[in-house]
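Notes follow once the structure below has been shown.
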Protein chains: 2
Amino acid sequence: MLLEPTIASAYEFLAARLKGGQPPAGVLAIAGRCRVEYQGRSATKTDAGDRFVLVKPDGSVLLHGPRSVKPINWQPPGAKFDVALQNEQLLLFARRAKPVEIIEMRFEKLSLCWLGEMDAGAGLQMSGSEFDLRDLLRSRPELLEVGFKPWERERITDQGPMDLYGEDAQGRRVVIEVKRVAAGLAESTQLWRYVEAERRRRGLDVRGILVAPRISPRALQMLQEHGLEFLERRWDDSASRAAREKSGPKQGSLALFGE
Amino acid sequence: MLLEPTIASAYEFLAARLKGGQPPAGVLAIAGRCRVEYQGRSATKTDAGDRFVLVKPDGSVLLHGPRSVKPINWQPPGAKFDVALQNEQLLLFARRAKPVEIIEMRFEKLSLCWLGEMDAGAGLQMSGSEFDLRDLLRSRPELLEVGFKPWERERITDQGPMDLYGEDAQGRRVVIEVKRVAAGLAESTQLWRYVEAERRRRGLDVRGILVAPRISPRALQMLQEHGLEFLERRWDDSASRAAREKSGPKQGSLALFGE
DNA sequence: CCCTGAATGTCGCAG
DNA sequence: CTGCGACGTTCAGGG
């Protein structure tokens with residue numbers, strides 16, 4: 001670890017830890033004043049500013065400014081590295097092969113240069129995903145509509161995978177799109193795409209239902225224009241968490257809000 | 001700055017810098033072994049693992065593991081903070097009001113606790129955005145098709161904003177959707193939505209063209225099924241950069257590849 | 001505020 | 001490897 005290092009000492013530090021272009025063995029943290037240039041899928045350039053850089057052992061790079069969650073520049077896993085001294089500046093390159101992308105950082109001043117070992121840690125247990133919702137609705141279809149019989153979850157069609165597919169009490173085909181969060185135009189359109197293909201194949205008597213906690217006005221209008229339906233369902237995540245506590249991480253489940 | 005601090009000394013350090021729940025004055029970097037729980041739009045929980053945490057002066061939080069660009073957990077700008085000692089562990093809370101979201105980090109061991117001042121730095125100059133492409137195509141419509149006359153850029157309709165709108169050599173209306181990267185089903189569907197609304201308003205004689213460097217097979221099929229067109233155009237970013245060097249950051253421009 | 005769509009999106013999964 | 005869609009998407013722009 002180096003605190004307020006000179007350019008030269010930081011160079012020594014990094015050169016020893018990025019041998020042969022390989023990523024560091026642990027997580028590398030560098031804070032300092034630098035200019036950055038990125039060339040790749042897009043291209044950016046910044047004048048000198050204070051940045052905080054993380055380089056991970058999988059070869060990902062994050063260059064952060066003092067605001068926002070998103071890095072100013074970054075590199076996905078797999079990058080290779082070069083370190084150099086030039087014009088009394090420390091140069092750090094990160095390159096990626098496919099697509100070809102480079103980040104070039106020129107540090108004129110450094111305030112931190114740190115390397116720490118980091119184990120992978122235990123896996124992330126998440127609840128409340130759309131996958132959990134599909135599971136819930138498939139196992140308890142009455143939560144959607146009395147008499148609905150789901151045939152498949154994630155029916156793969158030429159038009160893409162439908163979230164739920166089945167038959168209503170009157171024997172009509174039903175295509176269902178489930179959203180965890182508020183639905184917008186994109187989700188309405190997605191349902192429309194599935195239903196249109198199904199109507200072409202099976203005839204006009206195919207229903208399409210978008211199930212979500214909320215829908216935007218324009219998205220609702222679009223559904224109505226195409227004879228599709230919106231079903232408001234709010235999810236209660238707490239039941240899911242309770243269930244997971246008891247039965248382990250794989251046992252995802254949810255309940256409807258207020259059930 | 002604290003290196004390998006005790007839990008108690010790290011608590012002192014953080015409590016003094018997160019007064020009244022406010023974010024730190026600079027960027028705070030904490031490395032250590034911790035458990036994390038998140039409750040909000042979703043819910044996650046991790047067992048103990050080595051993490052690297054950044055807390056920014058705008059109240060954003062990033063909790064990184066040793067892999068990938070995306071944080072394991074995070075908080076967007078605006079979070080408020082609490083620090084506490086409990087069971088010989090350091091607790092760091094970050095809360096957000098709307099939507100209500102909390103992250104709770106319980107450190108059992110710390111290896112770094114650092115605060116650094118960071119200025120905002122100079123603005124980011126970016127080239128190669130979709131906005132630049134629209135500019136190029138509007139100013140040089142012959143790159144799309146001989147005789148095409150663009151009327152508007154970003155025509156706002158009830159169905160949303162169209163990238164380009166105009167008239168072809170035969171006087172037919174043309175709706176154009178421009179993509180910087182490969183187009184998929186979502187982009188085809190988006191164009192379909194615009195064109196369908198326009199056909200409803202103006203009659204069937206409306207063309208829709210998706211302009212992109214590449215398109216997926218299914219997306220192309222979907223276009224054809226709805227009488228829409230795909231136009232392959234690859235962008236050359238280098239011309240843009242050259243132009244920007246000369247005329248400053250606001251002067252975004254692009255050229256077609258190989259032009 | 002909400003709504004909408006871009007993004008160097010990233011990530012994971014399935015074919 | 002590509003295609004496809006979810007994501008606690010984040011973010012900026014407009015009404």
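Proteins get letters first, then strands, A, B, ... in listed order; numbering begins at 1 in each.
- Atom-to-atom, NE2 of A/H64 to C1' of D/dC11 comes out at 14 Å; the value is rounded to the nearest Å.
- Between A/R67 and D/dA12, a side-chain N or O to OP1/OP2 separation shorter than 4.0 Å is absent.
- A/W151 and A/Y165 have perpendicular rings, their planes meeting at more than 60° on a 0 to 90° scale where under 30° would count as parallel.
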Trace of the salt bridge (Lys or Arg N to Asp or Glu O under 4.0 Å) decision for A/E104 with A/R106: CA-CA 7 Å; A/E104 181 184 309; A/R106 286 168 190 270; 2.7 Å; yes

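- Under 4.0 Å is where a charged nitrogen must lie from a carboxylate oxygen, and between A/R234 and A/E232 at least one such pair does.
- Here D/dC4 presents its C1' atom at 15 Å from CE of B/M222, a figure rounded to the nearest Å.
- Within the nucleic acid shown, A/R96 has no heavy atom closer than 4.0 Å to any nucleic acid atom.
- Only the C1' atoms considered, C/dA7 is 14 Å distant from C/dC11, to the nearest whole Å.
- The residue A/E130 sits close only to the backbone: its heavy atoms come under 4.0 Å of sugar-phosphate atoms, none of a base.
- A/P71 comes within contact range of no nucleotide atom at all, as no heavy-atom separation falls under 4.0 Å.
- If you check D/dC11, C/dG5, D/dA6 against the side chain of A/L185, the one that comes closest is C/dG5.
- With no hydrogens or angles considered, a side-chain donor-acceptor pair links A/Y194 and A/Q190 at under 3.5 Å.
- Distances shorter than 4.0 Å separate some side-chain N or O of A/R41 from OP1 or OP2 on C/dT10.
- Distance, A/K98 NZ to D/dT2 C1': 10 Å, rounded to whole Å.
- Nearest-nucleotide positions on DNA chain D for A/V178 and B/I215 put B/I215 closer to the 5' end.
- When each of D/dC11, C/dG5, D/dG8 is scored by its nearest atom to the side-chain atoms of B/P161, the top-ranked nucleotide is C/dG5.
- Using a 4.0 Å heavy-atom criterion, one finds that A/E187 contacts no nucleic acid atom at all.
- Contacts of B/R134 with the nucleic acid, taken as non-hydrogen atoms under 4.0 Å apart, are absent.
- When rounded to the nearest whole Å, the span between CG of B/L210 and P of C/dA6 equals 11 Å.
- Mapping B/S68 and A/A182 onto DNA chain C by nearest heavy atom places A/A182 at the nucleotide closer to the 5' end.
- Residue A/R218 has no polar side-chain atom (N or O) positioned under 4.0 Å from OP1 or OP2 of D/dG15.
- With hydrogens and angles ignored, a donor-acceptor pair under 3.5 angstrom links the side chain of B/Q75 to the base of D/dG8.
- A donor-acceptor pair under 3.5 Å links the side-chain atoms of A/Q75 to the main chain of A/A94, judged by distance alone.
- Summarising the geometry, the separation between CE on A/M126 and P on D/dC7 is reported as 8 Å, rounded to the nearest angstrom.
- A close approach under 4.0 Å does occur between a side-chain nitrogen or oxygen of B/K70 and OP1 or OP2 of D/dG8.
- Closest approach to the A/S42 side chain among C/dT8, D/dG3, C/dA6 is made by C/dT8 (side chain taken as heavy atoms from C-beta onward).
- To the nearest whole angstrom, the two C1' atoms, one in C/dG5 and one in D/dC7, are 16 Å apart.
- A/I72 comes within 4.0 angstrom of a nucleotide base, judged by non-hydrogen atoms across all strands.
- Applying the 4.0 Å criterion to OP1 and OP2 of D/dC4, one finds that B/S216 has a side-chain N or O inside that range.
- Closest to the B/P76 side chain, of the nucleotides D/dT10, C/dC3, C/dT8, is D/dT10.
- Rounded to whole Å, atom P of C/dT4 lies 16 Å from atom CD of A/Q190.
- As judged by a 4.0 angstrom heavy-atom cut-off over every strand, B/P99 is placed among residues making no nucleic acid contact.
- Comparing C/dT10 with C/dA6, their C1' atoms sit 14 Å apart, to the nearest whole Å.
- Comparing A/W74 and A/A219 along DNA chain C, the residue whose closest nucleotide (by nearest heavy atom) sits nearer the 5' end is A/A219.
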Salt bridge (Lys or Arg N to Asp or Glu O under 4.0 Å) between B/E101 and B/R41, intermediate numbers included: CA-CA 7 Å; B/E101 297 194 287; B/R41 285 164 293 177; 2.9 Å; yes

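- Look at A/Y194 and you'll find a side-chain N or O under 4.0 angstrom from OP1 or OP2 of D/dG5.
- Checking each of A/L91, A/N73, A/V61 against A/M105 for a side-chain contact (heavy atoms from CB on, under 4.5 Å) leaves exactly one that passes, namely A/V61.
- Distance B/W235 CH2 to C/dA7 P: 12 Å, rounded to the nearest Å.
- Atoms NZ (B/K45) and C1' (D/dG8) sit 18 Å apart, rounded to a whole Å.
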